[in-house]
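Please read these numbers as outputs of a predicted model, since none were measured by experiment. In what follows, every heavy atom counts, from backbone to side chain, and hydrogens, waters and symmetry copies are set aside. Residue numbers count from 1 along this sequence.
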Amino acid sequence: MFGLKKCFAVVLLISTASFCFSASSHKEQTVVSKSVPEWVDSPYTWLQKHSELKNTDYFLAVGSGSTLDAAQVNAVSQLASIFGQNVESTTVSTRKMEQIVENDISLWADSSSLGQETSRTVAMNSLVCVEIAEMYKDTSGRFHALAVMDKQLALKNYLSYISKNEEHIKKLLGAVKKKSSYSIEDFARTKVSLDYAFANERYLNIVSVINFETAEKTAKSCTKIPDIKSLKLKVAQSIPVSVKVEKDIDKDVYNIVAEFFTSQGFRVVSGNERYAFESNISFEENVTRDKSSVQCKYFFKGMLSDCNKNQVLFATSLNGRQSSISYEEAYKKALKALSSGMNGDVRTDFYSFLDSLAAD
């Protein structure tokens, strides 16, 4: 942008933005001086050295830390706080693309250009067009970094993301609205459409800070979240899912599985339907050698099938053990663990399945 010393490379995949540090040496780029640069205490004084730049065209923020990486992340965090966003650090391997999951959202960090094992990712509601303009190490060994955002370039990018997301939403919902009866594929389309809409809502919040009038005008052309939610619920409620759990004498596990599907809006039934979730559960009692506690081991497997196509759509499993002073208490803890697993890892995997289904 203006010959800056350090920049964040942006990788956009399905409305997701990430930042990665370049592989150049941090030490060679860091200025060590006894005199503290003005920008450390007053970020916008940095623009005075660049007469071609206007204060109103850029956001600036300073971050500090015990390492250069920490200072850079903190600088971007300070800049992100202007928009009510959060930045977090994560360690990834150096293979081409590393997927990280954050709150059911897939983030991507391109680590191929890194000369180290660390990259920095910003969540889906992140910033783009941010560069590290200056870096400084003071006499105490503490690092400082100056982050700069080009408002107009960021505005252009966010409006582009919003436009592309809206295109996806209209295409996905258009395929659903034409139908009189719905399938699990249609539910997946409404789910993904809602993801796009939530992303656009976050992008519009950022745009509103840069240019409020543009944000208001753009919002009018976006599909409303309540409308998508309403259609998603309508689709889900029209799809009955047959739930069966073998070896579940007291129907404790059946209730957990049924709640999982009803929480998505589906109608849970016990008869034969196009979509069937068939599963089995087994519990084992085990007393520890010292007889100080009793364990309840559990093993759960289930699969969602499209009976019309004789096709398994989604498969999952959970297993573990819980201990207590009695088997009854250990069993109750095992049920809680199963419920947590269904609402945790299984839900995450189910959403990933829906994402892939909508993409087909």
Side-chain angles (χ1 to χ4, degrees), residues 8 10-19 54-61 76-88 102-108 121-131 147-178 186-236 264-265 351 354-355 358-359:
F8 288 94
V10 179
V11 178
L12 177 66
L13 285 178
I14 313 181
S15 309
T16 310
S18 302
F19 299 88
K54 297 180 181 179
N55 281 22
T56 56
D57 291 339
Y58 299 89
F59 286 122
L60 292 87
V76 179
S77 296
Q78 296 300 321
L79 195 60
S81 66
I82 297 173
F83 305 92
Q85 312 301 308
N86 295 312
V87 175
E88 76 172 57
E102 168 73 8
N103 295 330
D104 299 339
I105 299 297
S106 293
L107 310 180
W108 294 87
T121 64
V122 181
M124 192 173 179
N125 52 347
S126 63
L127 304 180
V128 297
C129 305
V130 176
E131 298 186 8
V148 181
M149 172 191 268
D150 183 325
K151 291 182 183 179
Q152 293 308 310
L153 188 58
L155 183 64
K156 179 181 178 181
N157 276 276
Y158 280 116
L159 292 177
S160 175
Y161 301 160
I162 292 169
S163 176
K164 290 177 181 178
N165 284 353
E166 186 60 27
E167 287 179 13
H168 286 303
I169 291 172
K170 283 183 166 53
K171 181 179 179 181
L172 288 166
L173 295 187
V176 176
K177 291 176 179 178
K178 293 178 181 178
D186 295 316
F187 178 76
R189 293 180 182 110
T190 60
K191 182 268 181 192
V192 173
S193 294
L194 195 58
D195 291 341
Y196 279 125
F198 278 128
N200 275 356
E201 182 179 61
R202 290 188 286 268
Y203 292 154
L204 282 167
N205 286 338
I206 295 175
V207 170
S208 68
V209 177
I210 301 173
N211 189 312
F212 184 76
E213 291 183 355
T214 298
E216 277 197 323
K217 181 180 178 181
T218 304
K220 292 179 181 178
S221 64
C222 292
T223 306
K224 302 297 182 289
I225 288 176
D227 294 341
I228 302 176
K229 283 184 174 181
S230 178
L231 180 59
K232 180 172 176 277
L233 182 59
K234 178 183 177 182
V235 171
Q264 304 299 318
Y351 284 164
L354 293 174
D355 291 343

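Ser193 places a side-chain N or O within 3.5 Å of a backbone atom of Arg189 that can act as its donor or acceptor partner.
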All N/O donor-acceptor pairs, side-chain side in residues 207-214, below 3.5 Å, sequence neighbours left out:
unit_1	atom_1	unit_2	atom_2	d
Ser208	OG	Asn205	O	2.6
Asn211	OD1	Glu213	N	3.3
Asn211	OD1	Thr214	N	3.0
Asn211	OD1	Thr214	OG1	3.1
Asn211	ND2	Thr214	OG1	3.4

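Here the CZ atom belonging to Phe187 is positioned 11.0 Å from the CG atom belonging to Leu231, to the nearest 0.5 angstrom. We find the CG-CD1 distance between Asn157 and Ile206 to be 11.5 Å, quoted to the nearest 0.5 Å. In this structure, the separation between CG on Leu204 and CD1 on Ile162 is 4.0 Å, given to the nearest 0.5 Å. To the nearest 0.5 Å, atom OH of residue Tyr158 and atom CG of residue Leu153 are 10.5 Å apart. Atom-to-atom distance recorded for Lys156:NZ and Tyr161:OH is 11.0 Å, nearest 0.5 angstrom. To the nearest 0.5 angstrom, Thr190 atom OG1 is 9.0 Å from Leu172 atom CG.
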(request) Just do the side-chain contact (heavy atoms from CB on, under 4.5 Å) check on Lys151 and Asp57 with the steps written out, would you? (result) CA-CA 6 Å; Lys151 291 182 183 179; Asp57 291 339; 5.5 Å; no
(request) Please test Tyr351 against Asp195 for side-chain contact (heavy atoms from CB on, under 4.5 Å), starting from the C-alpha separation and ending with a verdict. (result) CA-CA 11 Å; Tyr351 284 164; Asp195 291 341; over 6 Å; no
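Lys178 and Gly174 make their closest contact through CG-O, 3.2 Å (heavy atoms, listed as atom of the first residue, atom of the second, distance). For the residue pair Asp186 and Val176, the shortest heavy atom distance occurs at O-CG2, 3.8 Å. Residue Ala358 comes nearest to Ala188 through the heavy atom pair CB-O, 3.8 Å, listed as atom of the first residue, atom of the second, then distance. Closest non-hydrogen pair, Leu233 versus Gly265, comes out as CD1-CA, 4.3 Å. For the residue pair Ala147 and Val130, the shortest heavy atom distance occurs at CB-CG1, 4.2 Å. Closest non-hydrogen pair, Ala61 versus Leu79, comes out as CB-N, 3.6 Å.
In this structure the side chain of Asp150 reaches within 4.5 angstrom of the side chain of Tyr58, judged on heavy atoms. Residues Glu167 and Ser163 meet the side-chain proximity criterion, which asks for heavy atoms closer than 4.5 Å. Using a 4.5 Å heavy-atom cutoff, the side chains of Phe83 and Arg202 are not in contact.
Among residues at least two apart or in separate chains, side chain to side chain donor-acceptor pair (under 3.5 Å) pairs with a member in residues 220-235 are Glu166-Thr223.
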